[in-house]
Amino acid sequence: RWPGVIEAYRERMPVEPGWTVVTLGEGGTPLLPAPHLSAATGCEVLLKVDGANPTGSFKDRGMTMAVTHALAEGKQGVLCASTGNTSASAAAYATRAGMTCAVLVPRGKIALGKLAQAVAHGARILQIDGNFDDCLELARKTTADYPVAALVNSVNPTRIAGQASAAYEICDELGRAPDVHCLPVGNAGNITAYWQGYKAYLADGLIHTPPRMFGFQAAGAAPLVHGAPVAAPETIATAIRIGAPASWAGAMTARDESDGRFAAVTDDEILSAYRLLSAREGVFVEPASAASVAGLLQSASDGTLPRGSLVVCTVTGHGLKDPDSALLTAPEPTVVPIDPGAVAAALELR
Ligand SMILES: Cc1ncc(COP(=O)(O)O)c(/C=C/C(=O)C(=O)O)c1O
């Protein structure tokens with residue numbers, strides 16, 4: 001039985017003996033071959049399907065560590081700013097730990113599924129009349145003034161330590177690191193964590209060569225591509241609608257040390273990758289997650305991704321998080337009378 005991220009990689013986690021480990025069985029997610037993407041790019045493409053985590057996104061890897069740490073510190077609750085998935089995960093793990101949870105979310109810009117999760121777990125939800133960056137600033141100030149609550153955003157290093165587990169799993173499964181690792185980048189905690197994880201395996205001689213980190217941002221929310229914060233980030237991929245990444249330095253380190261790169265993908269590229277994943281690979285992800293595959297396709301066509309490369313694309317969140325986006329292009333449902341002939345006709349069965 002998979003023991004969860006902390007027990008699976010205990011010697012690499014900042015956890016002390018005797019601490020209560022707060023886990024929902026996160027981690028150990030599929031590393032799935034992607035035959036259509038491999039054929040389309042001339043590479044060997046694998047998807048790290050992190051939407052398969054307990055609350056449906058990669059955030060659980062960091063949240064198990066952050067909430068375990070907060071509980072050990074005697075905190076009464078957790079607080080976070082979120083575009084949605086962090087709040088869903090914080091609410092679930094806080095509940096598991098018997099702690100309270102408060103979340104600050106940008107007004108009107110949070111996908112339905114994520115809000116439902118925070119509500120279901122009984123989190124206090126404050127809609128801030130601003131964007132994610134405003135929420136994060138508020139969360140930092142609030143937890144500084146009222147230390148009774150732990151700030152569990154990815155500025156919290158225990159989040160990064162937990163999220164590095166994805167890199168460990170990939171190396172353990174492949175017996176090596178991929179040549180290139182593609183992932184969507186918003187607040188840049190995840191790319192920071194992956195690079196930390198690959199470097200740890202390199203230092204321990206468990207891999208010979210770390211991957212080049214390819215980070216992809218939505219064109220309307222691409223501060224790391226432009227080299228400056230974006231005041232009014234805009235994208236349909238609301239999870240990465242972030243203009244001032246908190247882990248800017250970590251993202252730069254990952255790019256520079258790995259000979260990697262950042263690039264922007266348009267909402268159209270994101271949506272076409274989003275549809276390709278569900279329609280051809282059978283993997284349903286939320287739009288932000290598809291940015292890594294949009295970037296893979298862009299890199300294959302603009303020559304920045306050499307043919308024959310072994311590539312892992314992390315798809316970070318399950319498609320159920322954002323049902324509205326899936327229904328954007330849904331055809332009108334056909335109404336059929338209770339008649340087998342009508343069904344056969346509607347399905348054009350011969
Ligand atoms: C599905 C999905 N894909 C990619 C990202 C970007 O990861 P980072 O670059 O580590 O921020 C997020 C981030 C979400 C939040 O920042 C939040 O939930 O507050 C996400 O939910």
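Note that the coordinates shown come from a computational prediction; the quantities given were computed from them, not determined experimentally. We count ligands from 1, going down the list as the structure has it; atoms in each ligand are counted the same way.
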Requested in this report: Step through the shown structure and confirm whether more than 12 heavy atoms of other residues, nucleotides or ligands are within 6.0 Å of CD on Glu348.
Outcome: no

Query raised in the report: For ligand 1, which atoms, with element, lie under 4.0 Å from some heavy atom of Gly189?
Result: 8 (P), 9 (O), 10 (O)

Query - Per-atom contacts, ligand 1 versus Val185 - under 4.0 Å to a heavy atom - result: 9 (O)

Query raised in the report: Could you go step by step and tell me if Arg61 and Asp50 meet the salt bridge (Lys or Arg N to Asp or Glu O under 4.0 Å) rule?
Result: CA-CA 9 Å; Arg61 294 177 180 279; Asp50 252 22; 2.7 Å; yes

Requested in this report: Evaluate the side-chain proximity of Leu320 to Glu286: yes if any heavy-atom separation is below 4.5 Å, no if none is.
Outcome: no

Query raised in the report: Purely on distance, is any nitrogen or oxygen of Gly186 under 3.5 Å from one on ligand 1?
Result: yes

Report summary line: Among non-hydrogen protein atoms, atom 20 (C) of ligand 1 lies closest to Ala239 CB, 3.6 Å

Report summary line: min-distance protein heavy atom vs atom 5 (C) of ligand 1 -> Ile240 CG2, 3.7 Å

Report summary line: atom 16 (O) of ligand 1 sits nearest the protein heavy atom Lys59 NZ, 3.3 Å

Query raised in the report: Counting from 1, what ligand 1 atoms have a heavy atom of Phe132 closer than 4.0 Å?
Result: 19 (O)

Query raised in the report: What atoms of ligand 1 come closer than 4.0 angstrom to any heavy atom of Ser82?
Result: 17 (C), 18 (O), 19 (O)

Report summary line: Interatomic distance, CZ@Phe214 vs OG@Ser299, rounded to 0.5 Å, equals 5.5 Å

Requested in this report: Identify, for atom 18 (O) of ligand 1, the protein heavy atom at the shortest distance, and state residue, atom and that distance.
Outcome: Thr86 N, 2.8 Å

Query raised in the report: Quick one: are the ring centres of His181 and Tyr194 less than 6.0 Å apart?
Result: yes

Report summary line: among protein heavy atoms, the one nearest atom 7 (O) of ligand 1 is Phe58 CZ, 3.4 Å

Report task. Could you tell me whether Ser289 approaches ligand 1 through its side chain, its backbone, both or neither, with non-hydrogen atoms closer than 4.0 Å? Result -> side chain

Query raised in the report: Just heavy atoms, cut-off under 4.0 Å: does Lys321 contact ligand 1 by side chain, backbone, both, or neither?
Result: neither

Requested in this report: Indicate yes or no for a side-chain donor-acceptor contact from Asp339 to the backbone of Ala342 under 3.5 Å, with no hydrogens or angles considered.
Outcome: yes

Report task. Without swapping roles, check the side chain of Asn153 against the backbone of Cys80 for a donor-acceptor pair under 3.5 Å. Result -> no

Query raised in the report: Which bit of Ile242 gets closer than 4.0 Å to ligand 1, counting heavy atoms only: side chain, backbone, both or neither?
Result: side chain

Query - Residue pair Arg176 / Thr209, side-chain donor-acceptor N/O under 3.5 Å - result: no

Report task. Taking atom CZ of Arg10 as the centre, report whether more than 12 heavy atoms of other residues, nucleotides or ligands fall under 6.0 Å from it. Result -> yes

Query - Protein heavy-atom partner closest to atom 2 (C) of ligand 1 - residue, atom, separation in Å - result: Thr316 OG1, 3.3 Å

Query - Near-ring test Tyr168/Tyr201, centroid separation under 6.0 angstrom - result: yes

Query raised in the report: Counting each atom of ligand 1 from 1 as listed, which ones have a heavy atom of Glu286 under 4.0 Å away?
Result: 1 (C)

Query raised in the report: Please state which protein non-hydrogen atom is closest to atom 21 (O) of ligand 1 and give its distance, to 0.1 Å?
Result: Asn85 ND2, 2.7 Å

Query raised in the report: Backbone, side chain, both or neither: what part of Ala188 comes under 4.0 angstrom of ligand 1, heavy atoms only?
Result: backbone

**Report entry** Aromatic ring proximity Trp19/His69, centre distance under 6.0 Å
**Finding:** yes

Query raised in the report: Where is the nearest protein heavy atom to atom 11 (O) of ligand 1: which residue, which atom, and how far?
Result: Asn187 N, 2.8 Å

